[in-house]
Student: 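One structure coming up, written as structure tokens, with questions to follow.
Both backbone and side-chain heavy atoms feed into the values below; hydrogens, waters and symmetry mates do not. Model, not experiment: these values are computed from the prediction.
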Amino acid sequence: QVQLVESGGGLVQAGGSLRLSCAASGRSVNTYAMGWFRQAPGKEREFVAGLWGLVMFTRYSDSVKGRFTISRDNTRNTVALQMNSLKPEDAAVYYCAVGRTNRASTMPSDYEYWGQGTQVTVSS
């Protein structure tokens with residue numbers, strides 16, 4: 001069993017930055033795919049960023065590419081999402097997730113464990 005706890009969400013003005021962190025316990029996450037997803041009210045959960053492999057391949061959705069950066073700290077068993085140049089449309093509950101395998105995927109169904117989510121609000 002893996003437990004994930006996100007932190008770092010909050011209220012920020014458009015153009016500002018936030019850094020989300022996801023602490024994992026119960027399993028080392030450095031050999032599994034890790035992902036960040038978000039869900040806004042009335043919308044489906046969507047892929048934001050993913051990281052996998054020992055060399056830490058990364059992938060981003062087109063909407064956040066160039067603004068968000070996903071990273072992993074193997075010694076602390078944590079995954080972070082640095083979010084810069086935030087826009088009002090980035091507002092959502094953000095979730096981190098552990099993949100079922102190390103296979104890269106943008107599909108929520110390919111992730112086995114999820115955190116409780118952290119709210120990000122961006123004011124215009």
Student: Between the main-chain N or O of Lys87 and the side-chain N or O of Asp90, is there a donor-acceptor pair closer than 3.5 Å?
Tutor: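 Such a contact is found between Asp90 side chain and Lys87 backbone.
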
Student: For Ser71 and Arg19, which heavy atoms make the closest approach, and how far apart are they?
Tutor: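 Smallest heavy-atom distance, with atoms named: OG-NH2, 3.9 Å.
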
Student: What closest approach, in Å, do Ala24 and Leu4 show between heavy atoms, and which atom pair accounts for it?
Tutor: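 For Ala24 versus Leu4, the nearest heavy atoms are CB-CD2, 3.5 Å.
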
Student: Supply the atom-to-atom distance Leu51 CG to Met34 CE, rounded to the nearest 0.5 angstrom.
Tutor: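 Going from the CG atom of Leu51 to the CE atom of Met34 covers 8.5 Å.
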
Student: Do Arg27 and Tyr32 form a cation-pi contact, if we require the NZ or CZ to be under 6.0 Å from the six-membered ring centre and within 45 degrees of the ring's axis?
Tutor: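 Satisfied, under 6.0 Å and within 45°.
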
Student: Phe37 and ring-ring contact (aromatic ring centres under 6.0 Å, His included): which single residue from Tyr95, Trp114, Tyr94 fits?
Tutor: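 Output: one option passes, namely Trp114.
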
Student: Check Asn84 against Ser17 and note the closest heavy-atom contact, atom names and distance.
Tutor: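 Smallest interatomic distance, heavy atoms only, reads OD1-OG, 2.9 Å.
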
Student: Using 0.5 Å steps for rounding, measure from the OG atom of Ser21 to the CD atom of Gln82.
Tutor: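 That separation rounds to 11.0 Å.
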
Student: Can you tell me how far OG1 of Thr58 sits from NZ of Lys65, rounded to the nearest 0.5 angstrom?
Tutor: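 It is 9.5 Å, given to the nearest 0.5 Å.
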
Student: Of the non-hydrogen atoms in Ala14 and Ser124, which two are nearest, and what is the gap between them?
Tutor: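 For Ala14 and Ser124, the tightest heavy-atom pair comes out as CB-CA, 4.3 Å.
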
Student: Quick check on Arg45: does its CZ atom have over 12 non-hydrogen neighbours (other residues, nucleotides or ligands) under 6.0 Å away?
Tutor: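 Yes, enclosed.
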
Student: For the CG atom of Asn30 and the CZ atom of Arg72, what is their distance to the nearest 0.5 Å?
Tutor: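 One finds 5.5 Å between CG of Asn30 and CZ of Arg72.
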
Student: Hey, what do you get for CG (Leu81) to CZ (Phe68), rounding to the nearest 0.5 Å?
Tutor: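 Reported value, rounded in 0.5 Å steps: 6.0 Å.
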
Student: With no hydrogens and no angle check, just 3.5 Å: does a side-chain donor-acceptor pair link Asp73 and Thr78?
Tutor: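 Not at all, the side chains of Asp73 and Thr78 share no donor-acceptor pair under 3.5 Å.
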
Student: Under 6.0 Å between ring centres: does that hold for Tyr60 and Phe47?
Tutor: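 For Tyr60 and Phe47, the ring centres are not under 6.0 Å apart.
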
Student: Going by distance alone, is a donor N or O of one side chain under 3.5 Å from an acceptor N or O of the other, for Ser123 and Gln13?
Tutor: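 No donor-acceptor contact under 3.5 Å links the two side chains.
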
Student: Any non-hydrogen side-chain atom of Asn77 less than 4.5 Å from a side-chain atom of Ser28?
Tutor: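 Yes, their side chains come closer than 4.5 Å.
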
